Amino acid sequence: MPELPEVENVGRAIAAALIGRAVTGVKAPFSGVLGQSLRATRKALVGKQLADVHRHGKYLILNFTGEGGGEAHLMIHLRMTGQIFVMDGYVPDKHVHVSFDFDGVPVHYRDIRKFGRLVLVEDGRRPAALDHVGPDMLTVRWSEWHARAAHRAAPIKAVLLDQGVAAGLGNIYVDESLFLARVHPEARPRDLDDATLREVLKRAKQVLRLAIKHGGTTFMNFADFHGRPGNFRRKLRVYGRGGEDCRDCGGTLEKTVVGGRGTVFCPRCQS
DNA sequence: GAATACCTGAGC
DNA sequence: GCTCAGGTATTC
């Protein structure tokens, strides 16, 4: 499941491989993942070159510029199973829904569940589509996050997943952050003191940074650009380990549902 | 603020 | 053949 670290790595890979190259063609065997028609997408992108790649939370925005100064901005959200491949010899299968040609370099968008979207937007950094999305989790300041989160009565896990508070955490890294901060997923932010909340934010940023460094987590579907899995999975402390031993205290990790999501935590360490 | 729709593959 | 997984938009 791509969350902020996986999206960051995809964005970096796209930037490294494609900046300076122009879109020369777009095909879409399944155009349902496009926010606009294939025709409109072609019209906006063909002939323009990739100038930079911007990430906000789990959203990527590819910014294009044309010869005559025209611009286009393609916002990508991979949701659950979206992948982008730029590999020599890659043969698209039935899950590849859109393929771009960048001056002869093929770029494929693959998405088993078709949840992801590639949408043309009007702005390269803060399009209207992101109005309801909070600041990026990696860079949000304590004061800003505190103002948005500290009064909330919902379980802290739900608040961390709420992209309107701060954007980027998904189910994996929320469970990991709360374990590292030693906070119970059902604890309510308004009942927690500032030192504890500060610890949660600090640990969330720490786990995101570390996961970026390790190429992200491959659990079900994530693979980088070249088809390689991320290797953060072996660093996971709780996610996917329900019923197994806590790596800190040796107790048994518990699996429950919080805010409608599968949740793993250590009842002894996170009290 | 909670339930539902969107999808498909994996694992019973 | 059924259930589960889950990010987000939408709807109650």
Side-chain angles (χ1 to χ4, degrees), chain A residues 1-11 28-36 55-61 75-84 92-98 109-121 126-138 148-149 151-178 185-191 204 208 211 216-223 229-230 233 236 238-243 253 255-265:
Chain A
M1 284 66 74
E3 303 180 27
L4 187 153
E6 292 75 32
V7 174
E8 173 69 21
N9 283 318
V10 169
F30 175 74
S31 60
V33 296
L34 297 175
Q36 290 81 12
R55 182 191 57 74
H56 186 96
K58 303 171 200 172
Y59 295 87
L60 276 184
I61 304 178
M75 186 170 78
I76 302 176
H77 197 302
L78 304 172
R79 294 281 188 104
M80 302 294 302
T81 54
Q83 298 172 299
I84 289 173
D93 64 7
K94 65 174 179 174
H95 299 302
V96 170
H97 308 307
V98 184
Y109 178 74
R110 179 174 189 267
D111 191 345
I112 293 174
R113 292 192 190 159
K114 303 177 177 172
F115 278 10
R117 288 293 179 267
L118 294 79
V119 181
L120 293 166
V121 293
R126 283 308 302 229
L130 296 186
D131 280 353
H132 63 289
V133 176
D136 189 78
M137 183 58 86
L138 207 51
R148 291 165 170 269
H151 67 282
R152 297 279 299 262
I156 187 153
K157 166 148 184 173
V159 173
L160 289 172
L161 284 171
D162 184 347
Q163 304 295 298
V165 173
L169 291 178
N171 207 31
I172 297 175
Y173 297 115
V174 165
D175 280 8
E176 295 300 310
S177 301
L178 290 172
E186 289 181 289
R188 298 174 188 278
R190 71 173 177 194
D191 298 335
L208 290 173
T217 301
T218 296
F219 202 82
M220 300 288 282
N221 282 290
F222 179 73
R233 181 171 180 177
L236 297 177
V238 287
Y239 184 85
R241 300 190 64 241
L253 298 177
K255 170 130 202 214
T256 58
V257 175
V258 179
R261 306 292 167 72
T263 299
V264 182
F265 70 104

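Chain letters run A, B, ... following the sequence lines, proteins first and then strands; every chain starts at 1. As the structure is a prediction and not an experimental result, all values here were calculated from the model. Just so you know, these numbers use all the heavy atoms, side chains as well, and skip hydrogens, waters and symmetry mates.
Atom CE of M80(A) is separated from atom P of dA9(C) by 15 Å (rounded to the nearest Å). Regarding R110(A), its CZ atom lies at a distance of 11 Å from the C1' atom of dT8(B), rounded to whole Å. Summarising the geometry, the separation between CE on M75(A) and P on dG7(C) is reported as 17 Å, rounded to the nearest angstrom.
Using a 4.0 Å cut-off, no side-chain N or O of Q163(A) falls inside it from OP1 or OP2 of dG7(C). OP1 and OP2 of dA9(C) both lie 4.0 Å or more from every side-chain N or O belonging to H77(A). Side-chain N/O atoms of H132(A) include one lying less than 4.0 angstrom from OP1 or OP2 on dA9(C).
Fit an axis to the five pairs at each end of the helix from dG1(B)-dC12(C) to dC12(B)-dG1(C) and the two axes sit 50° apart, to the nearest 10 degrees.
At least one side-chain heavy atom of R152(A) sits under 4.5 Å from a side-chain heavy atom of V165(A). With contacts defined as side-chain heavy-atom distances shorter than 4.5 Å, the pair E176(A)/V238(A) qualifies.
Mapping K255(A) and K58(A) onto DNA chain C via the closest heavy atom, the residue that lands nearer the 5' end is K255(A).
Using a 4.0 Å heavy-atom criterion, one finds that F30(A) contacts no nucleic acid atom at all.
In this structure, the nucleotide among dT8(B), dG7(C), dA9(C) sitting nearest to the side chain of Y59(A) is dA9(C).
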Could you run through nucleotides 1-6 of chain B and give me one letter per nucleotide, 5' to 3': B if any protein heavy atom sits under 4.0 Å from the base, S if only the sugar-phosphate is that close, - if neither? S----B
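Take F265(A) and apply the ring pair (Phe, Tyr, Trp, His ring centres under 6.0 Å) test, not counting sequence neighbours, and it matches H184(A).
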Could you walk me through whether H56(A) and I61(A) pass the side-chain contact (heavy atoms from CB on, under 4.5 Å) test, one step at a time? CA-CA 8 Å; H56(A) 186 96; I61(A) 304 178; 5.8 Å; no
